Amino acid sequence: MERLRKYGFVAAFLAVPVALYSVFVISPYIQAFQISLTDWNGYRSRLHYIGLDNFTRLFGDEVFWRALRNHGILLLVLPLVTVAIALFFAFLLNLGGGTRGAGKKGIWGSRFYRVVFFFPQVLAVAVVGVLFKAVYRPDESGVINGVLVKLGLDPVGWLVEPDLALWAILAVMIWQAVGFYVVLFSAGMAAIPKDYFEAAALDGAGRARLFFSITLPLLRDTIQVGWVYLGIAAFDGFALILVLAGDKGEPDGATTVLPVEIWKTAFTYSKVGYASAMGVVLFFLTVTFAVLTLRTTRRERIEL
């Protein structure tokens, strides 16, 4: 009876959150899967099922493969560079001020620097896009090109040259993301017992040894979570790319990504069924990446 009362309380407590999650998260996913099997244009009252025709057409679509190529670049570079930079700064903030034998000690003013690093996170993505649109202007009125012109160099079309556009946007994504992961990794480093660093420092370990032998192994779970989040972000980029490069994938498809194509296909061309098929593929790509990352980086937990 006691156990029944306990489980009844838990079920009653979870009923509302589960119901809300089912209505606002699970239900739209199911509807998207259903609509992807139709040629619905968003206006007709009835759905006309066409089977897997949308997916057959999708896998023969050159724009789809170009978007996947761009996502591949983002997926390779964004997590790697962001995690590396964030780990470097987090290590400096938490351990960079220590001298040999001092153990765990951050640099002076580390709390202030954490706030500075985190600042880009409080800016809306659209604001970041507008800000860097001014930074990347192709003439001398742009921030970067203004400096180049003063140095006697020619201005560069950061967002109008196919070889540079995606990399310029990628740099903005890294700039925006680094601060959050500096704070995340700093919190993880703060949870590592100070005794570990003091013992290693007494044995003569330098900062590099402290990082690779103690900090990095004990931060593995935190890095794993950060890598998954950044991988998911690499499959997104909708708002930032829409503001910086528009919805046409300019220049020459260099900035084409699936979220922008889904939005354009559904709301500009009224091909909601085809857009839903893109969304289903994007969903499975994201889930597959997350599952593979978690499985390949899984290991036994280290007890502190």
Side-chain angles (χ1 to χ4, degrees), residues 25 66-94 113-129 131-132 165-191 211-212 215-245 254-262 278-279 281-299 301:
V25 179
R66 189 180 300 139
L68 281 189
R69 180 203 65 185
N70 292 337
H71 281 301
I73 295 173
L74 294 175
L75 190 60
L76 179 65
V77 179
L78 178 62
L80 183 63
V81 175
T82 303
V83 167
I85 295 175
L87 280 173
F88 174 74
F89 284 121
F91 187 77
L92 287 181
L93 292 177
N94 288 271
Y113 291 126
R114 287 193 188 99
V115 174
V116 172
F117 280 119
F118 193 76
F119 179 72
Q121 286 292 314
V122 305
L123 298 176
V125 178
V127 174
V128 174
L131 174 66
F132 275 90
L166 186 63
W167 295 102
I169 293 174
L170 182 56
V172 180
M173 296 175 73
I174 293 170
W175 175 85
Q176 186 187 25
V178 161
F180 174 81
Y181 293 98
V182 168
V183 175
L184 179 66
F185 296 151
S186 293
M189 292 179 189
F211 177 77
F212 288 105
T215 306
L216 201 57
L218 295 178
L219 276 183
R220 186 185 180 102
D221 291 342
T222 307
I223 295 172
Q224 180 191 62
V225 171
W227 202 281
V228 172
Y229 285 168
L230 286 165
I232 294 173
F235 283 113
D236 186 13
F238 170 79
L240 191 61
I241 291 176
L242 194 64
V243 174
L244 286 174
T255 58
T256 299
V257 290
L258 282 178
V260 175
E261 287 300 316
I262 291 170
M278 291 185 190
V281 172
L282 182 59
F283 168 80
F284 281 109
L285 286 173
T286 305
V287 171
T288 300
F289 165 78
V291 171
L292 288 177
T293 301
L294 292 174
R295 288 185 66 87
T296 55
T297 59
R298 184 174 57 186
R299 67 167 186 178
R301 185 178 298 274

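It should be emphasised that the depicted structure is a prediction, and the values quoted were computed from it without experimental measurement.
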From CA spacing to verdict: side-chain contact (heavy atoms from CB on, under 4.5 Å), Val83, Trp227
CA-CA 7 Å; Val83 167; Trp227 202 281; 3.9 Å; yes

Just do the side-chain contact (heavy atoms from CB on, under 4.5 Å) check on Leu230 and Leu75 with the steps written out, would you?
CA-CA 8 Å; Leu230 286 165; Leu75 190 60; over 6 Å; no

Would Leu294 and Val291 satisfy side-chain contact (heavy atoms from CB on, under 4.5 Å), going step by step from the backbone distance to the final call?
CA-CA 5 Å; Leu294 292 174; Val291 171; 6.0 Å; no

Mind running side-chain contact (heavy atoms from CB on, under 4.5 Å) on Ile223 and Phe185 for me, showing each step along the way?
CA-CA 8 Å; Ile223 295 172; Phe185 296 151; 4.0 Å; yes

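A 6.0 Å sphere centred on CZ of Phe283 holds more than 12 heavy atoms belonging to other residues, nucleotides or ligands. Crowding of Phe118 atom CZ: a count of heavy atoms from other residues, nucleotides or ligands under 6.0 Å exceeding 12.
With contacts defined as side-chain heavy-atom distances shorter than 4.5 Å, the pair Phe117/Leu93 qualifies. Contact of the Asp221 side chain with the Val225 side chain is not registered, since no non-hydrogen atoms from C-beta on lie closer than 4.5 Å. Proximity of Leu87 to Met189: side-chain heavy atoms (C-beta onward) are separated by under 4.5 Å at one or more points. You'll find the side chain of Val128 reaches within 4.5 Å of the side chain of Phe132, heavy atoms only.
Looking at every heavy atom in both residues, Thr82 comes nearest to Ala177 through CG2-CB, 4.0 Å. Listed here is the closest heavy atom pair of Met278 and Ile262: CB-CG1, 3.5 Å. Considering all non-hydrogen atoms of both residues, Val228 and Ala290 come closest at CG1-CB, 4.0 Å. In terms of heavy atoms, Leu292 sits closest to Thr296 at O-OG1, 2.7 Å. Nearest approach of Val178 to Ala86, heavy atoms of both residues: O-CB, 4.1 Å.
Panel note: side chain Asn70, backbone Thr256; a donor-acceptor pair is recorded below 3.5 Å.
The CZ atom of Arg66 sits 10.0 Å away from atom OG1 of Thr255, with the distance rounded to the nearest 0.5 Å. Rounding to the nearest 0.5 angstrom, the gap separating the OG1 atom in Thr286 from the CG atom in Asp236 is 8.5 Å. Here the CG atom belonging to Leu123 is positioned 7.5 Å from the CG atom belonging to Leu131, to the nearest 0.5 angstrom. Of the inter-residue distances, the one linking His71 atom NE2 with Leu282 atom CG reads 6.0 Å to the nearest 0.5 angstrom.
The aromatic rings of Phe289 and Phe235 sit perpendicular, their planes meeting at an angle over 60°, well past the 30° parallel limit. Taking the six-membered ring where the residue is Trp, Phe211 and Phe91 present perpendicular rings, their angle passing 60° and hence far from 30°.
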Would you list the atom pairs, donor with acceptor, under 3.5 Å between side chains in residues 165-176 and any protein atom, with sequence neighbours excluded?
none

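Listed by first and then second residue, the side-chain hydrogen bond (donor to acceptor under 3.5 Å, both in side chains) pairs involving residues 177-191 are Asn94-Ser186 (not counting sequence neighbours).
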